[in-house]
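Working notes, structure below.
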Amino acid sequence: MARANDEIAALFREYADLISITGGDAFRARVYEKAARAIGGHHTDVSTLDAKGLKEIPGVGRSIAEKVEEYLASGGVAAVEELRARIPAGVRRLTAIPSLGPRKALMLYEELGISSVDELADAIHEERLRDLKGFGPRTEENLLHGIDLLRSAGGRVHIDVAAELAEEVVAALSEVGGVQRCAYAGSLRRGRETIGDIDVLVAARTSGPVTKAFTELPYVTEVIGSGEKKTSVRTDRGLSVDLRVVPKDSWGAAMLYFTGSKAHNIKIRERAVHQKLKLSEYGLFDAESGKKIVSRTEEDVYARLGLPWIAPTLREDRGEIEAGLDGGLPEPVTEADLRGDLHTHTDLTDGLAALEDMVAAATERGYAYYAITDHAPDLYMQRMTDERMLAQREQVRALKPSRGMRLLHGVELNIGPDGGVDWPDDFLADFDLCVASVHSHFTQDRETLTRRLVRACENPYVNIIGHPTTRLIGKRPGIDADLDEVFAACARTGTALEINAHPDRLDLGDEHILRARRHGVRFAIDSDAHAVPHLAHMRYGVATAQRGWLTKDDVINTWTLTRLKRFLRKGRA
DNA sequence: GCCGTTTTCGGCCCGACTGTTTTCAGTCG
């Protein structure tokens with residue numbers, strides 16, 4: 001079951017949409033969206049808070065706190081039910097169609113009784129929209145096209161897919177004559193785990209040549225819109241790309257603006273307004289005279305607003321602006337800080353590359369240490385045996401990697417349904433480190449799953465809980481355990497939580513990291529590489545760790561080998 | 001409906017593009 005926070009966040013998002021659709025006060029709708037975000041991201045389970053505690057959540061005042069309490073007590077909120085009774089769920093669904101917003105959705109419902117995507121498609125084909133004010137032939141076309149897009153459900157893609165496309169676009173546009181700077185911004189620059197579209201920013205004196213080159217890129221399938229400053233296209237990768245062209249002098253303000261997030265932007269703009277300034281993608285201006293003050297770099301803009309430069313991965317309005325003001329902004333861990341990888345596989349189990357090849361690739365990455373952690377026997381299909389594992393250990397001990405890199409012989413244990421692992425203590429004692437992960441029985445009840453993970457933490461030889469929630473982004477939800485109890489057990493027992501860097505997992509994710517961090521847990525950012533190219537996934541794990549506000553000191557594989565080994569002893573005699 | 005380094009009332013981020021309009025509303029990010 002989801003946390004009450006998530007259920008209430010979804011409810012308030014729906015309420016905000018319903019307010020917009022019914023033509024309610026736009027500011028009120030925004031307040032509920034804001035409260036939904038704040039509650040969804042709040043570290044404490046709201047069902048444990050009283051009215052006072054609720055009102056300490058930013059954006060939650062008396063009325064919203066009362067609605068939260070009403071929901072917790074009765075499972076519903078009367079004000080939301082009332083709007084639900086007036087507006088069928090299908091009308092809200094209509095606003096998912098690109099180019100169709102709340103105003104037109106309401107008009108379609110009130111004038112024509114349309115309350116589903118299918119009904120809208122029929123109405124367009126029957127030419128019933130022709131008499132509606134504001135609906136011309138192009139609008140009909142756009143709606144039909146939007147319905148196609150919605151039905152083919154492009155949706156969001158994993159970060160690695162977006163990064164690859166963005167880097168291709170940036171490389172191509174950087175070659176165009178007159179392009180002075182080119183970079184991607186948006187949620188990709190912020191390192192979000194999934195990406196809805198790509199924002200590319202170009203600094204150039206004129207936009208003509210770069211816009212033409214952009215719309216003619218081989219993977220562009222459709223030009224959605226194109227003007228002097230902004231052009232949007234769809235690509236054959238299922239992603240749209242927006243191009244913005246700005247003068248070079250505006251680069252910093254534009255990067256800031258197009259990196260977002262929306263909530264971060266709103267907050268710094270509010271801050272600008274309070275200082276009698278106006279912030280746009282073109283710069284920071286004096287509100288009265290309209291005179292430009294700064295715009296060249298992000299640092300300049302932040303500094304004029306009294307803030308240090310804030311890393312893009314932190315720009316989610318999760319307290320980074322307040323922290324920047326009082327000097328409490330963390331210095332985020334970087335990929336360069338990593339001294340090693342503590343969870344990797346070889347072809348002895350389900351990896352694709354031989355031990356020597358994985359090790360050689362790891363030395364190329366400049367690591368000081370590197371752990372081989374193939375699967376243990378309880379994953380039967382991996383055909384692991386004691387003998388095979390011991391033979392691998394001999395092989396590892398005999399290898400002399402270049403550049404002085406040290407090898408650790410470890411294992412990825414399977415956490416069984418009762419929390420036990422593959423081998424008894426005396427066999428485990430001879431590994432340099434043990435990762436332990438859940439690979440099956442995902443649907444046990446919450447109490448069993450919680451006990452199972454806590455018991456694994458309490459094993460004196462388990463150093464790292466691998467991909468702790470076992471989610472697969474977009475495919476499988478995480479297991480339903482009491483994660484706060486698991487995080488507390490990790491902190492108590494000296495067990496690290498993994499941030500699995502594989503773009504399909506990114507597990508723990510940013511919000512869980514933020515919660516775990518409050519328990520004083522340590523983390524390991526691991527590639528879980530099953531092949532040489534997977535070693536490079538680390539960048540996504542690092543971005544996720546940054547989004548969880550982790551510093552170098554929080555992450556055990558940034559430590560020296562001496563310090564790491566002390567941690568791996570886990571307080572054993 | 002929230003909130004306060006002008007405020008307990010009156011604000012609430014800003015601009016580009018499209019389509020249907022003769023001056024602007026809606027949508028998007």
What is the separation between atom [atom1] on [X] and atom [atom2] on [N], rounded to the nearest whole Å?
{"X": "A:I268", "N": "B:dC14", "atom1": "CD1", "atom2": "C1'", "answer": "12 Å"}
{"X": "A:L108", "N": "B:dT27", "atom1": "CG", "atom2": "C1'", "answer": "14 Å"}
{"X": "A:R192", "N": "B:dG29", "atom1": "CZ", "atom2": "C1'", "answer": "13 Å"}
{"X": "A:I224", "N": "B:dG29", "atom1": "CD1", "atom2": "C1'", "answer": "12 Å"}
{"X": "A:F258", "N": "B:dG15", "atom1": "CZ", "atom2": "P", "answer": "11 Å"}
{"X": "A:L150", "N": "B:dC28", "atom1": "CG", "atom2": "P", "answer": "12 Å"}
{"X": "A:L143", "N": "B:dC28", "atom1": "CG", "atom2": "C1'", "answer": "15 Å"}
{"X": "A:E33", "N": "B:dC28", "atom1": "CD", "atom2": "P", "answer": "13 Å"}

Touch check for [X], heavy atoms < 4.0 angstrom, all strands: base, sugar-phosphate only, or nothing?
{"X": "A:L277", "answer": "nothing"}
{"X": "A:I64", "answer": "sugar-phosphate"}
{"X": "A:S232", "answer": "nothing"}
{"X": "A:K67", "answer": "sugar-phosphate"}

All N/O pairs under 3.5 Å across the protein-nucleotides 9-12 of chain B interface:
none

Quiz item: Is the shortest side-chain N/O distance from A:N142 to OP1 or OP2 of B:dT18 below 4.0 Å?
Solution: no
Quiz prompt | Phosphate-side-chain proximity, A:K262 and B:dC14, N/O vs OP1/OP2 below 4.0 Å | solution = no
Self-check item: All ring-ring contact (aromatic ring centres under 6.0 Å, His included) counterparts of A:F214, not counting sequence neighbours
Solution: none
Any idea which of [options] is nearest the [X] side chain?
{"X": "A:K278", "options": "B:dG29, B:dC17, B:dC14", "answer": "B:dC14"}
{"X": "A:K276", "options": "B:dT6, B:dA16, B:dG29", "answer": "B:dT6"}
{"X": "A:K230", "options": "B:dA16, B:dG15, B:dG1", "answer": "B:dA16"}

Quiz item: Considering only heavy atoms from C-beta outward, does the side chain of A:I64 approach that of A:V31 to under 4.5 Å?
Solution: yes
Quiz item: Heavy-atom count around A:R128 CZ within 6.0 Å, excluding the residue itself: above 12?
Solution: yes
The criterion is side-chain hydrogen bond (donor to acceptor under 3.5 Å, both in side chains); which residues satisfy it with [X], sequence neighbours excluded?
{"X": "A:R13", "answer": "none"}
{"X": "A:T313", "answer": "A:Q546"}
{"X": "A:D199", "answer": "none"}

Quiz item: Paired with B:dT8 by Watson-Crick or G-U wobble geometry, both distances under 3.5 Å: which nucleotide is it?
Solution: none
Practice problem: Please determine if A:E140 and A:R130 form a salt bridge, counting it only when a charged side-chain N lies under 4.0 Å from a carboxylate O. | Solution: yes
Practice problem: Flag the pair A:E33 and A:K262 as a salt bridge only when some basic side-chain nitrogen lies within less than 4.0 angstrom of an acidic carboxylate oxygen. | Solution: no
What pairs of nitrogen or oxygen atoms, one from the protein and one from nucleotides 20-26 of chain B, lie under 3.5 Å apart?
| residue | atom | partner | partner atom | Å |
| --- | --- | --- | --- | --- |
| B:dT20 | OP1 | A:G136 | N | 2.8 |
| B:dT20 | OP1 | A:G136 | O | 3.0 |
| B:dT20 | OP1 | A:P137 | N | 3.1 |
| B:dT20 | OP1 | A:R138 | N | 3.2 |
| B:dT20 | OP1 | A:T139 | N | 3.1 |
| B:dT20 | OP1 | A:T139 | OG1 | 3.1 |

Quiz item: Regarding A:S20 and A:D17, is there a side-chain donor-to-acceptor distance under 3.5 Å anywhere?
Solution: no
Quiz item: Using the P atom in both, what is the distance from B:dT5 to B:dG1, to the nearest Å?
Solution: 23 Å
Self-check item: side-chain hydrogen bond (donor to acceptor under 3.5 Å, both in side chains) partner of A:Y32, chosen from A:R37, A:E14, A:K67
Solution: A:K67
Exercise. Drop me the distance from A:E320's CD to A:W549's CH2, to the nearest 0.5 angstrom.
Key: 6.0 Å
Exercise. Let me know, please, whether A:G59 or A:E281 comes out on the 5' side of the other along DNA chain B by nearest nucleotide.
Key: A:G59
Quiz prompt | Closest-nucleotide 5' rank along DNA chain B - winner of A:P58 and A:H274 | solution = A:P58
Quiz item: With no angle test and no hydrogens, is the base of B:dG29 tied to the side chain of A:Y257 by a donor-acceptor pair under 3.5 Å?
Solution: yes
